[in-house]
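The sequence lines fix the lettering, A, B, ..., with proteins before strands; numbering per chain opens at 1.
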Number of protein chains: 2
Amino acid sequence: MAIVSRYTVALHILTFITEKTGNSDAFITSNQIAVSVGTSPVFIRRILGSLAKANLVIVKHGGTDTGWKLARSSDKITLLDVYEAVVQKPLFESHHSKPNTDCVIGRGIQPALHHIYNQSEAAMKQQLRQYSISDLLLETVAQFNLMEAEKRL
Amino acid sequence: MAIVSRYTVALHILTFITEKTGNSDAFITSNQIAVSVGTSPVFIRRILGSLAKANLVIVKHGGTDTGWKLARSSDKITLLDVYEAVVQKPLFESHHSKPNTDCVIGRGIQPALHHIYNQSEAAMKQQLRQYSISDLLLETVAQFNLMEAEKRL
DNA sequence: TCCCAATGTAACCATATTAGTTCTATTGTA
DNA sequence: TACAATAGAACTAATATGGTTACATTGGGA
């Protein structure tokens, strides 16, 4: 398959929080986010939990004004930070079956692929590191405005 | 999840065929390959079917000496060729749910991510393009010899 | 101290994907 | 025509994903 949509949702969440709170210290609830993403608050909280473990968001319980906010400025959170927080598995999977160890190929191919797979995954991550949530918000708003302008034609 | 193990198996298949046939015109059966991979011939044939569609292998039916061989020299088949043949989906998945189109983020984030996702996937593929099946066979044999040497200590 | 809105988390379900198995049809040369 | 292997459909088991429901927990404010 592909990289789970959980990653896309995580980026949606952080971009949404950034847009709603701006420079303020407000907290956003999982319900508000769920409406924007179009899914259930529980699913959102599961992902927020991963982001909290990676110290990307802060949660506030009890009283009024509860919910979530960014743990640091949105231009200090890269898309790679989010990837590492949400995707735990390596990009490439090895055999499910156990290759025949009497065979040269069966024995040697897994270590041989290891280096190549690592290199490819690193190249992909290097791209993600070049963008921050702040960049993503700017681009998202730009795309939104573009679509609105087209609608008015 | 991750890139399916089908890709790893496809590389195993092609490396195996290369090692067994060398420069000869011999054909390898799906049964022989299945033994090396440690799985069923049907699964192997399913993957060989994808590789055949991408013109990476040739199948021969009927008579004696039936089975599969490479469609071109192993140093002319890159790991990217195999990736494109076997993995049809984009690396990154978009939302499963439908984002709220009344929301700036819900509306703009998918096109905003599109470019970034494409760039990351391209960087990963670029790495795969640098290796051929021939390179992979060399490295696999080297790793095998290394492990055999360690065993003798 | 009690209230309460929202989080934290477990349990359960539906769905999709992956890979393994079995079976039957087909291929095309000897 | 025989036959050795592929082609492919149908079925199963295992796993992962995301959605739903339910309930305990948090902790500031009345």
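Nearest nucleotide to the A/Arg6 side chain, out of D/dT17, D/dT6, C/dG8: D/dT17. Closest to the side chain of B/Ser97, out of D/dG19, C/dT7, D/dT6, is D/dG19. Distance from the side chain of A/Thr66 is smallest to C/dA6 among D/dT6, C/dA6, C/dT7. The side chain of B/Ser5 lies closest to C/dA19 when the candidates are C/dA19, D/dA7, C/dT7. Considering only side-chain atoms of B/Lys89, the nucleotide from D/dG29, C/dT17, D/dT17 that sits closest is C/dT17.
Atom CD1 of B/Ile47 and atom C1' of C/dG20 are 12 Å apart (whole Å). Distance, A/Phe27 CZ to C/dA5 P: 19 Å, rounded to whole Å. As rounded to whole Å, 15 Å separates atom P of C/dT7 from atom NZ of A/Lys69. In this structure, A/Glu93 atom CD and C/dA19 atom C1' are separated by 11 Å, rounded to whole Å. In this structure, CD1 of A/Ile13 is placed 12 Å from P of D/dG18, rounded to the nearest angstrom. Summarising the geometry, the separation between OH on B/Tyr7 and P on C/dT17 is reported as 22 Å, rounded to the nearest angstrom. Spacing between atom CG of A/Leu51 and atom P of C/dT7 amounts to 14 Å, rounded to whole angstrom units. With rounding to whole Å, B/Gln32 atom CD is found 14 Å from D/dT6 atom C1'.
Residues A/Lys60 and A/Val42 both approach DNA chain C. Their nearest nucleotides, taken by heavy-atom distance, put A/Lys60 toward the 5′ side. Along DNA chain D, the nucleotide nearest A/Gly38 and the nucleotide nearest A/His61 are compared for position; the residue whose nucleotide lies closer to the 5' end is A/Gly38.
Phosphate contact (OP1/OP2 of C/dA19, side-chain N/O of B/Arg46, threshold under 4.0 Å): absent. OP1 and OP2 of D/dA7 both lie 4.0 Å or more from every side-chain N or O belonging to B/Arg45. Dashed line: the shortest gap from a side-chain N or O of A/Thr64 to OP1 or OP2 of D/dG28 is not under 4.0 Å.
The pair A/Asp25-A/Lys60 does not count as a salt bridge, with every side-chain nitrogen at least 4.0 angstrom from each carboxylate oxygen.
Linking Ile, Leu, Val, Met, Phe, Trp and Tyr whenever their side-chain heavy atoms come within less than 4.5 Å leaves B/Leu51 and B/Phe27 in two separate clusters.
Using a 4.0 Å heavy-atom criterion, one finds that B/Ser40 contacts the bases of the nucleic acid, with or without backbone contacts as well.
Considering only heavy atoms from C-beta on, B/Ile44 stays 4.5 Å or farther from B/Phe16 through its side chain. Contact check for A/Leu137 versus B/Ile105: side-chain heavy atoms found under the 4.5 Å cut-off.
Formation of a donor-acceptor pair under 3.5 Å by the B/Ser97 side chain with backbone atoms of A/Val37 is found in this model.
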